[in-house]
Amino acid sequence: MPAATAVHFFLALAVILAACRLAGLLTQRVSQPPVVGEMIAGVFLGPSLLGRIAPGVQEDLFPTGTSNVVLYTAAQIGLVLYMFVVGLNFDVEHVKQRARTAVAVSTAGTLAPLVLGAVIAVPLLSSGGFFGEDVSPAMAMMFMGAAIAITAFPMLARIIFEKRLTGTSLGTLALACGATADAISWCILAVVVAVHRGTPATAITAIVGGLLYTAVVLTLGRRAARVLGAKSEEQRTIPGWVLSTVLIVLMSGAWLTDTIGIHAIFGAFIIGVAMPSGLFARRLTETIEPLTTRLLLPLFFVYSGLNTEIGLVNTPGLWALTLGVLIVAIAGKGVACAAAARLSKVPLRESIALGSLMNARGLIELILLNIGLEAGIITPTLFTILVLVAIVTTLMAAPIFEFVYGRHRPPVDTTLPEADLADATSAVPATEGR
């Protein structure tokens with residue numbers, strides 16, 4: 001790395017960490033999880049605010065070119081490590097116990113957005129200025145459906161961690177539904193991009209490859225991981241060679257899923273699920289999670305914010321359209337998921353809480369939107385509208401959740417013995433106190 005690039009990177013890193021820490025403290029005062037503050041900090045450090053009031057400073061901190069490539073790479077490493085930790089704490093038994101509810105909510109949270117997205121895509125396409133010139137109605141409908149159906153899976157997991165829901169029935173159900181909806185959304189996006197580029201083989205590779213990857217990791221991979229877990233149980237710690245082996249497998253899985261057309265975070269998550277639970281999972285969490293969430297993960301949110309330009313929505317008509325898309329997005333995701341959960345005999349408070357969590361889209365949608373923008377499927381105007389929808393729906397999640405469910409939830413009994421407390425909280429990481 002050239003010396004000048006290193007200087008820019010370390011300075012940018014210091015500014016990012018300070019901004020995220022300050023924003024996290026401020027958002028906590030208004031009942032928002034710190035992760036929301038990190039998301040807002042990313043937007044503020046980009047062209048939407050800093051680039052407008054001090055463009056020279058913004059360019060010095062985040063110059064285009066090599067420095068942003070380094071920032072992006074470090075952010076992806078943090079995201080992969082974090083999603084691995086999420087997988088480590090993913091309780092498959094909870095999903096099995098509530099499989100019917102998970103299927104019902106996931107189906108509602110996917111089909112409703114696809115239908116509503118298709119409905120609003122038609123007039124947007126006919127009016128012009130929102131989709132690329134060679135985008136067909138079917139492609140526009142599928143893209144809008146995927147954009148509305150997406151859930152901020154990393155952010156959803158982060159909120160669950162911070163609200164002490166890791167390992168609980170509601171937390172695991174939300175993760176299961178979020179993972180399913182996102183997987184379907186990425187598959188739809190792969191189909192749209194493949195058709196747009198004229199290469200159907202890309203979509204087939206992504207879907208079939210993803211299914212094969214999941215099957216192999218959760219069968220053969222799980223059996224192999226038991227050997228690592230047994231060695232760690234014997235020594236009551238994670239030996240250095242075991243940690244190295246886990247990291248090699250993790251990065252290989254992330255590379256593989258990214259190569260076949262599915263985002264690397266799903267490869268990392270599946271590998272985490274395949275790891276043995278108990279002491280092994282807790283020790284890995286304690287080893288990996290603190291530095292990942294404090295140092296690397298904020299880079300993901302900030303890098304995404306650097307590519308967001310809110311100023312493109314600058315007329316009353318565009319603001320009205322944004323409001324309409326926002327209403328459709330809430331109805332298609334939050335309301336549909338809550339209704340499906342309630343019809344599955346989930347208590348009312350838990351149903352609304354689940355809907356609020358599923359409705360959060362966060363910056364993971366920016367990945368999907370950036371892919372669509374770079375492929376020429378959507379224009380910068382529609383990109384900005386959907387970014388605003390992602391921000392608002394994410395800001396809504398925590399207050400609604402806390403109002404209908406969080407404040408009524410019994411506190412964790414901290415007087416339990418250490419082993420029992422660890423089981424009760426299922427290795428809740430340090431992010432809860434941020």
Side-chain angles (χ1 to χ4, degrees), residues 72-92 95 151 153-158 161 172 175-176 178-187 189-190 202-232 238-278 280-289 291-293 296-297 299-300 364 367-368 371 427 429:
Y72 172 80
T73 303
Q76 292 303 303
I77 294 173
L79 190 58
V80 165
L81 288 172
Y82 182 73
M83 291 312 299
F84 172 70
V85 173
V86 173
L88 284 174
N89 294 279
F90 186 81
D91 193 338
V92 180
V95 179
T151 295
F153 193 41
M155 187 169 294
L156 171 65
R158 190 83 172 271
F161 270 151
T172 304
L175 286 175
T180 303
D182 274 15
I184 295 174
S185 296
W186 286 113
C187 289
L189 178 65
T202 303
I204 296 174
T205 300
I207 297 172
V208 176
L211 293 174
L212 288 176
Y213 172 84
T214 301
V216 171
V217 171
L218 294 184
T219 53
L220 299 179
R222 175 167 285 166
R223 294 174 187 173
R226 289 173 185 165
V227 177
L228 303 179
K231 291 293 184 182
S232 300
I238 304 292
W241 70 269
V242 171
L243 180 60
S244 296
T245 302
V246 169
L247 291 176
I248 292 170
V249 173
L250 171 60
M251 295 305 163
S252 299
W255 165 81
L256 179 59
T257 52
D258 213 15
T259 300
I260 64 178
I262 302 176
H263 201 276
I265 62 175
F266 293 102
F269 175 76
I270 294 299
I271 290 177
V273 173
M275 293 292 159
S277 58
F280 184 65
R282 290 199 296 272
R283 292 290 184 264
L284 278 177
T285 299
E286 293 167 0
T287 302
I288 297 174
E289 186 273 337
L291 191 62
T292 299
T293 56
L296 296 175
L297 194 59
L299 303 184
F300 165 71
I364 193 63
I367 298 175
L368 182 147
I371 293 173

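Reckoned from all heavy atoms, side chains included, excluding hydrogens, waters and symmetry mates. In this text the structure is predicted, and so the values were computed from the model without any measurement.
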Residues in side chain to side chain donor-acceptor pair (under 3.5 Å) contact with Thr73, at least two apart in sequence or another chain
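Per chain and number, Thr73 pairs via side chain to side chain donor-acceptor pair (under 3.5 Å) with no residue.
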
Trace of the side-chain contact (heavy atoms from CB on, under 4.5 Å) decision for Met83 with Val86
CA-CA 5 Å; Met83 291 312 299; Val86 173; 4.2 Å; yes

Which atoms form the tightest heavy-atom contact between [X] and [Y], and what is the distance?
{"X": "Thr257", "Y": "Ala264", "result": "OG1-CA, 3.6 Å"}
{"X": "Ala225", "Y": "Met275", "result": "CB-SD, 3.9 Å"}
{"X": "Ile260", "Y": "Gly210", "result": "CD1-N, 3.5 Å"}

Spatial distance of atom [atom1] ([X]) from atom [atom2] ([Y]) [nearest 0.5 Å]:
{"X": "Ile265", "Y": "Asp258", "atom1": "CD1", "atom2": "CG", "result": "10.0 Å"}
{"X": "Phe269", "Y": "Leu88", "atom1": "CZ", "atom2": "CG", "result": "10.0 Å"}
{"X": "Thr285", "Y": "Arg282", "atom1": "OG1", "atom2": "CZ", "result": "9.5 Å"}
{"X": "Ile271", "Y": "Phe266", "atom1": "CD1", "atom2": "CZ", "result": "14.0 Å"}

So Leu297 and Tyr82, side-chain contact (heavy atoms from CB on, under 4.5 Å) or not? Walk me through it.
CA-CA 7 Å; Leu297 194 59; Tyr82 182 73; 3.8 Å; yes

Are the side chain of Tyr213 and the backbone of Gly267 linked by a donor-acceptor contact shorter than 3.5 Å?
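It does hold such a pair.
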
Please set out all donor-acceptor pairs under 3.5 angstrom arising from side-chain atoms of residues 239-251, sequence neighbours excluded.
residue, atom, partner, partner atom, Å
Ser244, OG, Gly240, O, 3.1
Thr245, OG1, Trp241, O, 2.8

With sequence neighbours left out, what residues match Thr214 under side-chain contact (heavy atoms from CB on, under 4.5 Å)?
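By the side-chain contact (heavy atoms from CB on, under 4.5 Å) rule, Thr214 matches Leu218, Ile270.
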
Answer yes if the side chains of Glu289 and Thr293 hold a donor-acceptor pair under 3.5 Å, and no otherwise.
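Note: Glu289 and Thr293 side chains meet the donor-acceptor criterion.
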
Going through the distances and angles, do Leu284 and Phe84 end up as a side-chain contact (heavy atoms from CB on, under 4.5 Å)?
CA-CA 10 Å; Leu284 278 177; Phe84 172 70; 4.2 Å; yes

